[in-house]
Structures are given as structure tokens and as C-alpha cells.
Amino acid sequence: MPHPATTTPGTGGAIAPHLRRLLDFVEPTAEDVCLDVARGTGPMPAALAPQVRRVAAVDALPPPELRRDPGRTPTVTFGTGPVRISGDIDPRPYVSHPDSVRPVRRGTPDAATVRAEATRLPYLDGSFSLVTTRFSLYSLGDQRRVLRELLRVTRPGGRLIIADLVRGNLTGPDRDRLERLRDPDHPGLLSIAALTDLITSCGASVRRLDVFTVERPIEPWLAGVRDELAAEQIRAELLDEVDGGPKTGAKPRIIGGELWFTQSWAHVAAEPI
């Protein structure tokens, strides 16, 4: 059932290659009615708006267990910054601060952003042919409840698109330790197998999967970290690995005098069963 929510305006500006890759994966159509659910105001609504019939956006409230005061609390954001996708022909990274796309038209329903819990969306069952969530699944609350709610508002034959970090099926736990140093509330990265198993257990069929490696500089990722000592520890461990020290799972290296590291990103297209 739908749940009440409030609205606020949203904005957008140019499409980064990694966002273009996601849009190509999404395969939006002129008949799609879309919903994007994110922590904060991400780029997807403005990127999708010119290609679909209608877009709604939810700026998800923190889950109750992570709320530290009655209002919305600060969180460690994803903060993409410069990104280089492994295998790109052009070795120069695209630089964008923040990820941005051309603005959604002002004065239309597409320009509104709703604030609501991701487990209590204010929409009827099957309201959308396309539902997206990008780099938000780990911060929206209980992942199983969130996925079931996203699937609830996806109409039969529609698509749920999840874009997020994963760890390789053979990657050890050290990568999760770095994530939790950066953000103590992080639940840990799902492996590719665990993510697809979770989606299917929530009542969906995985139709397509795109998994790839990106390199990015450490500083945009560390921006906004609550504990500067934790940020310094992460920098020290990655630099130690560059010099031949213990492996962290982040595969760091120095590019242009800056410390960079790798992440595995996944795009998953699922359909309600």
C-alpha cells in the first residue's frame, strides 16, 4: 500500500561515461513511467527524463535504526568524482564534481523529489514500468525489505535496475573492512552471487547483468568521512600496499601523483515474478 510523503525540487547538467553505460544498460523507452530511489539527489531522474514519459524520484530517508535525531542525519555519500572504467580506450578519466546531467524541465511533475522511506514508498502497487536505484542499496535499510518494496511498485513485465558496488565472488573480507572504516554504518559489500540470490529470493528474476571494474582517486571517496583518523588509516594502508605491503583488496596505485584504487560495480536488471 502507498505511504504519505513530502516533495522538494530537484536539479541536474553533462553525462559521464559511467552514467552513460548505465543508461545504455537500462534501455529506457518513450513509454516508460519511471521511479528512481536514492539517498540524496542523484543524477538518474534528470538523465532519464528526456527519454521516458514520466519520472518520479525518491530521496530516501535514513532507515530508522540509523537516525540520530528527529530530522535527516548526515550520511557518508557515494561521491563518484573522476572515474576510469577498466578497458576504456581513452586513458584519461572523466572528471565531474558531482555526477550531473542536464536539468529536468522546471515546472513539471518530473522536477519534484519525494522524501520517504525506501521500505514505505508512497505509490500504488505496479505504478512504474521502470524502477532504478543507484549506489544506494547499502544505505536504504534492510536490503530484503527494500528490494521487496521496489518490486512492489514495479508493474508486471517491468524492470528493476540496481546499480551498486559488489565484491568478486573470490574476494576476501578485507574490502569490507575498508568500507566500514570509511562508513561504520556500512553493512558490507555483497558478492555478485549473493546480490543475485538476494534479488531472486525477493520475488524477481534476474534478466541481465553487467559487472565491471573501475579505478577512481581516493580523495573524492573519502570526502565527508566522519572520522579523519579513519581516512588517514585508509590512505596509509593503501600507500603501504603500493609499496609492497599487505593487500587490502582495493588494488591501489599512483596515477598522476594521486592515489587511486579499484572498485567492482554491477548493473542488474530484474523483473518481478
Side-chain angles (χ1 to χ4, degrees), residues 1-5 21-29 31-40 42 44-45 48 52-66 78 113-169 176 185-212 264-273:
M1 61 179 292
H3 308 280
R21 180 172 180 144
L22 175 56
L23 289 173
D24 290 345
F25 181 84
V26 169
E27 298 179 344
T29 72
E31 297 305 312
D32 272 324
V33 177
C34 307
L35 172 67
D36 180 67
V37 179
R39 285 294 300 277
M44 287 301 289
L48 288 167
V52 300
R53 184 156 58 115
R54 183 160 52 86
V55 180
V58 169
D59 175 4
L61 293 164
E65 64 272 18
L66 297 184
F78 185 74
T113 297
V114 170
R115 296 188 70 202
E117 292 181 24
T119 55
R120 294 169 53 84
L121 296 172
Y123 304 106
L124 296 172
D125 294 0
S127 293
F128 302 95
S129 61
L130 174 61
V131 177
T132 62
T133 183
R134 176 182 179 269
F135 299 128
S136 298
L137 185 61
Y138 296 109
S139 62
L140 293 175
D142 180 89
Q143 294 163 358
R144 193 175 300 275
R145 290 182 60 202
V146 170
L147 285 170
R148 285 175 175 162
E149 183 70 350
L150 297 177
L151 288 165
R152 178 186 71 78
V153 300
T154 306
R155 67 182 55 162
R159 298 101 70 210
L160 168 61
I161 305 294
I162 300 163
D164 224 310
L165 303 176
V166 293
R167 59 181 176 85
N169 293 331
D176 280 349
D185 293 328
H186 199 288
L189 296 175
L190 293 171
S191 68
I192 301 163
L195 177 59
T196 55
D197 286 349
L198 177 63
I199 293 168
T200 56
S201 73
C202 291
S205 174
V206 174
R207 296 302 191 188
R208 291 179 293 123
L209 184 63
D210 176 26
V211 182
F212 54 101
S264 293
W265 292 8
H267 300 158
V268 185
E271 182 179 330
I273 298 175

Check your understanding: Between R159 and T154, is a side-chain contact (heavy atoms from CB on, under 4.5 Å) present by the stated rule, with each step listed?
Key -> CA-CA 7 Å; R159 298 101 70 210; T154 306; 5.8 Å; no
#### Entry: Heavy atoms of other groups near R148 CZ, more than 12 under 6.0 Å
yes
Hey, mind stepping through L48 and L23 against side-chain contact (heavy atoms from CB on, under 4.5 Å) and telling me if it holds?
-> CA-CA 8 Å; L48 288 167; L23 289 173; 3.9 Å; yes
Between V37 and A118, the two heavy atoms sitting closest are CG1-CB, 4.2 Å
Looking only at heavy atoms, the pair that brings L121 and E149 closest together is N-OE2, 2.8 Å
Check: With the threshold set at 4.0 Å, does a side-chain nitrogen-carboxylate oxygen contact exist between R54 and D32?
Finding: no
Per side chain to side chain contact (heavy atoms under 4.5 Å, CB included), L160 is matched among T132, V131, V206, V268 by V131
Contacts satisfying salt bridge (charged side-chain N to carboxylate O under 4.0 Å, His left out) that involve residues 186-206 (not counting sequence neighbours) are none
side-chain hydrogen bond (donor to acceptor under 3.5 Å, both in side chains) partners for [X], two or more places apart:
X	answer
D210	R21, H267
T196	none
E271	R207
R144	S201

Hits for side-chain contact (heavy atoms from CB on, under 4.5 Å) against A204, two or more places apart or cross-chain, chain-then-number order -> L151, I199, A270
Derivation of the side-chain contact (heavy atoms from CB on, under 4.5 Å) call for L130 and V33: CA-CA 6 Å; L130 174 61; V33 177; over 6 Å; no
Sub-4.5 Å side-chain heavy-atom contact between L190 and Y138: yes
